[in-house]
Amino acid sequence: MEYIIEQNVFELEDIFECGQCFRWNKEENGSYTGVFGNNVINVEKKENKVIFKGVCEGNIKDICSKYFDLYRDYTKIREELSKIDENLKISVEYGKGIRILNQDLWETIISFIISANNNIPRIKGIIERLSKKYGNKIIYGGKEYYTFPLPEQLKDVTVSDFRELGLGFRDIRLYETTKMILNEDVSLEKIENMKTEEAREELLKLSGVGPKVADCILLFSTLKRFDVFPIDVWVRRVMNDLYIRKEDETKVSKKEIQELADTKFGNLQGLAQQYLFYWKRDTA
DNA sequence: GCGCAGGGGGTCG
DNA sequence: CGACCCCCTGCG
């Protein structure tokens, strides 16, 4: 199956390397292949054309339009952000092809719990092993791919099973969070309809979900909340360099950064964070 | 080549 | 505020 569109705001590197996802890998021809839901998709960009192809459960046009957030007008968003100040103007130009993916809520929760005090190559490795062991196999282009396991597929997995996958101290967090979601102590369905602050409170009940991980989930999943500002060591550094300018960046409080983001970036702060982070991370 | 030290998208107690 | 697991990376 194949779907081709003309789309200016769509750059493969910007989308897949900006830090929002862990399951997309670059091919030799520069295209990217990834797994989401029960789909394996390859994406290629040729001039203004984006080409999606792969194994798809349903209509590839609908599935890719939803996942790649094609219904949203990023040109307008970029214009709005550019007006804020010079930093935003530069960063929005730098990351001009960024789109925020609509990633499955459950998968995003687990992935970002794994991300805590961890590095990207290892995070990706853990997620691949988890998927290979408990997900479903899909063949595409002669290669094997594995879907991200559903909560039910992790129902009987023990703490030590998780430990064997290389999760380290996160084993218990995955175990407990899976249980809480299966028991509906935390209902993913209800979270979808909650206001951002309420949804955040709910996510924080999960084991291994603190403020930073909660904000990443709110921003990068289908929840798609742009009124959050995930603060990690990098964002702290960037915000200090650009706006606060203290001698010692470790003395900059989260509260200080959050208030600055609220007043400066308002309800687009999540996107502002992505553009600024992506820009300064690559040019630092 | 290989062995080893260092560190990492935070969270929890 | 210190501990936390372990894979990856980089350097010797």
Side-chain angles (χ1 to χ4, degrees), chain A residues 13-26 91 95 98 100-101 103 107-133 157-181 185-186 200-221 223 225 228-241 248-258 261 269-284:
Chain A
E13 303 258 350
D14 296 346
I15 293 171
F16 298 124
E17 311 290 351
C18 74
Q20 60 177 323
C21 54
F22 301 105
R23 298 208 71 195
W24 287 88
N25 297 306
K26 199 174 196 167
S91 67
I98 290 181
I100 307 297
L101 302 168
Q103 303 184 78
E107 176 174 342
T108 310
I109 290 170
I110 297 301
S111 298
F112 279 88
I113 290 174
I114 294 170
S115 80
N117 190 226
N118 211 341
N119 50 56
I120 291 172
R122 187 177 164 209
I123 298 166
K124 291 179 91 170
I126 291 171
I127 293 175
E128 283 316 306
R129 291 193 290 276
L130 187 67
S131 301
K132 184 163 188 178
K133 184 141 191 205
V157 179
T158 64
V159 176
S160 59
D161 289 334
F162 282 130
R163 182 60 68 109
E164 276 180 35
L165 292 175
L167 272 153
F169 59 78
R170 304 163 197 80
D171 55 0
I172 268 195
R173 300 177 182 174
L174 243 69
Y175 177 84
E176 289 182 342
T177 286
T178 302
K179 285 277 177 290
M180 289 176 81
I181 287 172
D185 297 331
V186 169
R200 193 168 192 272
E201 291 297 313
E202 202 61 18
L203 288 169
L204 286 172
K205 290 181 186 170
L206 297 169
S207 174
V209 177
K212 191 269 178 180
V213 168
D215 284 348
C216 283
I217 295 166
L218 287 161
L219 180 58
F220 298 138
S221 73
L223 294 175
R225 306 305 168 91
V228 298
F229 199 79
I231 300 169
D232 59 30
V233 286
W234 271 98
V235 173
R236 180 189 304 253
R237 193 170 304 158
V238 171
M239 291 299 278
N240 189 50
D241 287 354
D248 183 357
E249 73 181 41
T250 59
K251 289 214 166 72
V252 182
S253 72
K254 285 191 74 166
K255 186 162 176 274
E256 197 173 351
I257 297 172
Q258 185 60 61
Q269 56 186 278
L271 285 160
Q273 191 262 23
Q274 276 303 284
Y275 287 111
L276 291 172
F277 171 75
Y278 183 57
W279 168 48
K280 290 299 263 184
R281 190 197 61 184
D282 284 12
T283 57

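Atom set for the values below is all heavy atoms of this structure, side chains included, hydrogens, waters and symmetry mates excluded. Naming: A, B, ... by sequence-line order, numbering from 1 per chain.
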Please report, rounded to the nearest Å, how far the [atom2] atom of [N] is from the [atom1] atom of [X].
X        : N      : atom1 : atom2 : value
A/Ile172 : B/dG10 : CD1   : P     : 21 Å
A/Ile126 : C/dC6  : CD1   : C1'   : 8 Å
A/Phe169 : B/dG13 : CZ    : P     : 12 Å
A/Arg129 : C/dC8  : CZ    : P     : 6 Å
A/Asn117 : C/dC5  : CG    : C1'   : 9 Å
A/Gln273 : B/dG9  : CD    : P     : 14 Å
A/Ile109 : B/dG10 : CD1   : P     : 19 Å
A/Ile217 : B/dG9  : CD1   : P     : 17 Å

Students often get this wrong, so: under 4.0 angstrom with heavy atoms, is [X] touching a base, only sugar-phosphate, or nothing?
X        : answer
A/Phe277 : base
A/Val235 : nothing
A/Phe22  : base
A/Gly168 : base
A/Ile120 : base
A/Leu206 : sugar-phosphate
A/Pro211 : sugar-phosphate

Task: Closest-nucleotide 5' rank along DNA chain C - winner of A/Leu167 and A/Pro121 - done: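 Its nearest nucleotide lies further toward 5', so the answer is A/Leu167.
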Pairwise side-chain contact, [X] with [Y], heavy-atom cut-off 4.5 Å (strictly under):
X        : Y        : answer
A/Phe16  : A/Cys21  : yes
A/Ile127 : A/Ser111 : yes
A/Leu174 : A/Val157 : no
A/Met239 : A/Glu249 : no

- [ ] Report the residue (A/Cys18 or A/Gly208) whose heavy-atom-nearest nucleotide on DNA chain B is the more 5′ of the two.
- [x] A/Cys18
Polar side-chain contact [X]-[N] base: donor and acceptor under 3.5 Å:
X        : N     : value
A/Arg122 : C/dC8 : no
A/Asn118 : C/dC5 : no
A/Arg170 : C/dC5 : yes

TODO: Using the P atom on both, measure B/dG9 against C/dC1 and round to a whole Å.
DONE: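 Those two atoms are separated by 23 Å.
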Task: Same-atom distance (P) from B/dT11 to C/dC8, integer angstrom - done: 23 Å
TODO: Look at the side-chain N and O atoms of A/Arg163 and state whether any lies under 4.0 Å from the OP1 or OP2 oxygen of C/dC6.
DONE: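 Yes, within the criterion.
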Task: Flag, side chain of A/Gln20 to backbone of A/Leu219, donor-acceptor distance under 3.5 Å - done: no
Task: Side chain A/Ser160, main chain A/Arg163, donor-acceptor under 3.5 Å - done: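 No, because the side chain of A/Ser160 does not come within donor-acceptor range (under 3.5 Å) of the backbone of A/Arg163.
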Using the 3.5 Å cut-off, write out each protein N or O paired with an N or O of nucleotides 1-7 of chain B and the distance between them.
{"from": "B/dG7", "atom 1": "N2", "to": "A/Asn119", "atom 2": "ND2", "distance (Å)": "3.3"}

- [ ] With sequence neighbours excluded, give me every side-chain hydrogen bond (donor to acceptor under 3.5 Å, both in side chains) pair touching residues 118-130 of chain A.
- [x]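 Qualifying pairs: A/Arg23-A/Glu128, A/Asn25-A/Lys124.
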Open item on the list: Suppose the criterion is salt bridge (Lys or Arg N to Asp or Glu O under 4.0 Å): which pairs have a residue in residues 204-217 of chain A, not counting sequence neighbours?
Closed with: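 Sorted pair list: A/Arg200-A/Asp215, A/Glu202-A/Lys205.
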Task: ring-ring contact (aromatic ring centres under 6.0 Å, His included) partners of A/Tyr175, counting only residues at least two apart - done: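 Scan of A/Tyr175 (ring-ring contact (aromatic ring centres under 6.0 Å, His included), adjacent residues dropped) gives none.
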Task: A/Tyr275: partners by ring-ring contact (aromatic ring centres under 6.0 Å, His included), with sequence neighbours left out - done: none
TODO: Select one nucleotide: of C/dC7, B/dG9, B/dC12, the one nearest the side-chain heavy atoms of A/Arg173.
DONE: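 Among C/dC7, B/dG9, B/dC12, the one nearest the side chain of A/Arg173 is B/dC12.
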Open item on the list: Only Watson-Crick and G-U wobble pairs, only distances under 3.5 Å, only runs of 3 or more: what stems does that leave for DNA chain B?
Closed with: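 Stem list for DNA chain B: B:2-8 with C:6-12, B:10-13 with C:1-4.
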Task: Pair A/Phe112 + A/Phe22: ring centers closer than 6.0 Å - done: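 Here the rings of A/Phe22 and A/Phe112 have centres that are less than 6.0 Å from each other.
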